[in-house]
Amino acid sequence: MAMRNKIISILIFLALAGTVASQEVGLVLSGGGAKGFAHIGVIRALEENNIPVSYITGTSMGAIIGALYASGYSPDEMEAIINSEEFFSWSTGRIPDRFYYYYKNRHVDAGMLSFEFQRFDTGTVPVLPTSIIPTHSMDLGLLELFAQSGALANYNFDSLFVPFRCVASDVYNNKALVMKSGDLSSAVRASMTYPFIFNPIAIDNVLLFDGGIHNNFPFDVMMSEFQPCIMIGSKASANPLPPTSGNLRLQIENMIAAQTNYDIVSEGGILIDIDVKEIGILDFHHYKRIIDIGYNTTIDQIGEIKSRIDERLPLEELAGRREIFRNNLPPLIFRNIFVNGSNELQVDYVTSSIRQQEDYFTLDRLRSEYYKLVSDDKISAIYPRAVYNVNSGIFDLYLDLESGSSFRAEIGGNISSTSLNQGFAGFEYKFLGRNAYNLEGNLYFGRLYSSVLTRGRIEVPGAIPLFGDIALTLNRLDYFTGSSGPFFEDVRPSYLIRYDGNLRINAGVPVSVNGLAMVGYSIGRMSDRYYQTENFLKSDTTDQTDFDLNTVSFIYERETLNHKQYATRGRNTSLALQFVRGNEKYTPGSTSSLTEHENDNHMYIMAKSGFTGYFPVTRHLTLGVSGEMVLSTQTLFNNYTASLLNAPAYQPFPHSKTLFLQNYRAHSYAGVGLIPLLRIREALHLRIEGHIFQPYQKIGRDHINRPFYMDRLRHRHFLGSASLVYQTPVGPASLSLNYYDNSTKQYYFLFNFGYLMFNKSTL
């Protein structure tokens, strides 16, 4: 009842306000992507000169700006919105860092290209991507911007602060649709859904796309719907150029978009033709410049506009009307949840994730849990709508859910100028019911590293979500044949081969949005084959150390890094505590100076902490810092090589993980590094890394290769890297020069395309 009275009072107020002004002005806003930001400058110039706007129509970006103005947002508020982190996430599809649910995505691999498959009654078929930019952030953002004003207008666009229309396209029936009622956020979303860029949405079971396909400048809609005395048209777009044989973009634009008539002048209107030809439709970061262009273009024509329009609306009066409208908006609080397009078990999964036994939930709660859901790759799309319930005075939440593809295959790896070439293949089967399930596996193959992994995972939603997984991994590292020197360089590395098999069981909970806490148990064997001399024959037999062990671990991780390799933004913090108990068996080879078989037990605790963070200094300069510390009660193994192989290693950048570097292994150590980054372009940067490794006690050896601890804190070593990195859509390409404080080889120059990554080892 209270809501109905508010609506009536607003309608009476607007009706009375309309009787004062006899000359009605219609504002028409074109599409144009980022170019459409110029409309904000146009509106600002009109307001500053007291020109009233009685009606507004728009298409695509014009629909967004028009709906904002029709919902009572001022030009300054609109500029703040498009300059926000939230709006930036719309344009990129990236989930904001503070809503990146790390526990959903913590398992990373060397995959570069993925292929989705969906099972139907007719069989399993590949699923082609229908869009470039994910719309999760945009969909929730539009709900937040327009749900309240749409409800206050009783879902009649004539009852908004300024009566409003937008245009969408029904491609099946090949016609434009004028949106004049219903869910305002959905109407705007449909009007701006450019094909192949954003996923379409369905309204009343009709799939809708960008209104610019049929009508990119809806002045005819203004005339037919409102019949204003005069129209002002803000044109921030143009018809596409004729297609050419070598320009695919122009060919697609001409196939998609119909020729638009921008001649509003012939209809008795005023055309503000904004010169934004140099601005791309996705150049959202130039928003300030674009707004200023729209403002200045309007000011240049303000004399003509004033001469044609007699009515004036002072800024103070406009601000008062806006304040009355905004003060009557209902609070955005939710009660009931309705999920469409899924089975009963999936409904339970979604509702228990969001509501969690609460009678009501706020937008902040919805935002947090919504991003948790869309972080799950078992859900391909989840479109939110807020519908005001007049009886309860609270919004109901409607979620249109699309389950993700049931099967995904991946390929990837690394292409290198050295022998670090590596292939990767993976698969994942996922199922969403009352809980979420994953079954996955992968295969690495190369001269340096080979591995097989199978893994099962379950996620249980609730007030405190739980997850658990079990994984079986077999690893093989061959430092001998996997030398990372150039193909033309004859380098004889140490003969070291490690076989590592482990079974791991983990269970954990998310800790805040970006972190998790986990306990785990593992059982495994690490088997090493090696010579402790550089002089050996093919007929010689290697030394062999087998370490059968089981571990209990506690792990805390928090991460917001933007790339899984060569990150440029975000932070990573980790803390691990591991209890290790195992049995070492040593079998000497034909070249060993140690001739006795030995069998020793080891029991120790190891604590490891790490931090990596990137901090912007200027627009193009970022300073990264990293640190790592290991404290361990681990004891020495039978010989020097075995002791180093089973000691923690400091490996701060990708290439360092491919080498057996004796100077950067110790039972307890600290390592720190500085990583200045120079951003040349959005995807291209130069990174310099300088690191210091300080062991507490370096491991030394005597004349028969028995290990011993050297003096405390007496030795330290440096390592560094200079890399030019280009982040392609499928993975990083890097040209690197790496330095190690090493007696045999200090400098490595190499090119890599892809990921140098490994499955988990037992330790």
Side-chain angles (χ1 to χ4, degrees), residues 7 31 56-64 66-67 70-71 130-131 135-136 138-160 163-216 218 220-222 224-226 256 258 334 336-343 346-347 350 370 379-391 395-403:
I7 295 172
I56 194 163
T57 62
T59 294
S60 196
M61 182 59 76
I64 296 179
S71 297
T130 59
S131 64
T135 60
H136 308 307
M138 178 192 303
D139 295 339
L140 186 63
L142 292 174
L143 179 149
E144 180 178 354
L145 291 174
F146 300 125
Q148 294 164 281
S149 56
L152 183 59
N154 200 25
Y155 301 102
N156 180 353
F157 297 174
D158 286 335
S159 301
L160 292 166
F164 169 72
R165 299 288 186 271
C166 65
V167 180
S169 295
D170 176 358
V171 295
Y172 180 77
N173 293 297
N174 194 29
K175 65 179 183 179
L177 288 181
V178 178
M179 317 295 287
K180 61 177 70 176
S181 63
D183 182 50
L184 180 58
S185 60
S186 296
V188 173
R189 171 69 165 79
S191 181
M192 56 157 295
T193 302
Y194 197 83
F196 308 120
I197 301 295
F198 304 119
N199 268 332
I201 66 167
I203 297 179
D204 296 330
N205 297 318
V206 177
L207 204 61
L208 298 179
F209 288 87
D210 194 292
I213 295 174
H214 287 289
N215 189 348
N216 202 39
D220 55 334
V221 175
M222 176 65 73
S224 63
E225 292 288 324
F226 299 119
I256 291 176
F334 301 89
N336 298 313
I337 303 174
F338 301 95
V339 181
N340 301 318
S342 57
N343 60 48
Q346 294 170 346
V347 170
V350 172
Y370 172 81
I379 298 176
S380 62
I382 183 166
Y383 184 76
R385 290 180 293 117
V387 178
Y388 189 74
N389 189 318
V390 178
N391 295 323
F395 285 89
D396 292 330
L397 178 66
Y398 287 79
L399 298 173
D400 298 327
L401 177 69
E402 292 182 22
S403 298

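Each residue takes its place number in the sequence, starting with 1. Values reported hereafter were calculated over all heavy atoms of this structure, with side chains retained and with hydrogens, waters and symmetry mates removed.
Rounded to the nearest 0.5 Å, atoms OG (S71) and CZ (F164) are 8.0 Å apart. Atom CG of D183 sits about 7.5 Å away from atom CD1 of I203, to the nearest 0.5 Å.
For D139 and R385, the salt-bridge test fails: no basic side-chain N is under 4.0 Å from an acidic carboxylate O.
The aromatic rings of F395 and Y388 stand perpendicular to each other, their planes meeting at an angle above 60°, with 30° marking the opposite boundary. Between Y370 and H136, the two ring planes are perpendicular [angle over 60°; tilted spans 30° to 60°].
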Where do T135 and N199 land on the side-chain hydrogen bond (donor to acceptor under 3.5 Å, both in side chains) test, with the steps shown first?
CA-CA 7 Å; T135 60; N199 268 332; 5.1 Å; no
Kindly determine whether L152 and L160 satisfy side-chain contact (heavy atoms from CB on, under 4.5 Å), including the steps that lead there.
CA-CA 8 Å; L152 183 59; L160 292 166; over 6 Å; no
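For F226 against P163, the heavy-atom pair with the smallest separation is CE2-CB, 3.8 Å. Of all the heavy atoms in I64 and M192, the pair that sits closest is CD1-SD, 3.3 Å.
Formation of a donor-acceptor pair under 3.5 Å by the S191 side chain with backbone atoms of S60 is found in this model. Within the 3.5 Å criterion, the main-chain N or O of D158 finds a donor-acceptor partner in the side chain of N156.
Within a 6.0 Å sphere centred on CG of D204, other residues, nucleotides and ligands contribute 12 heavy atoms or fewer.
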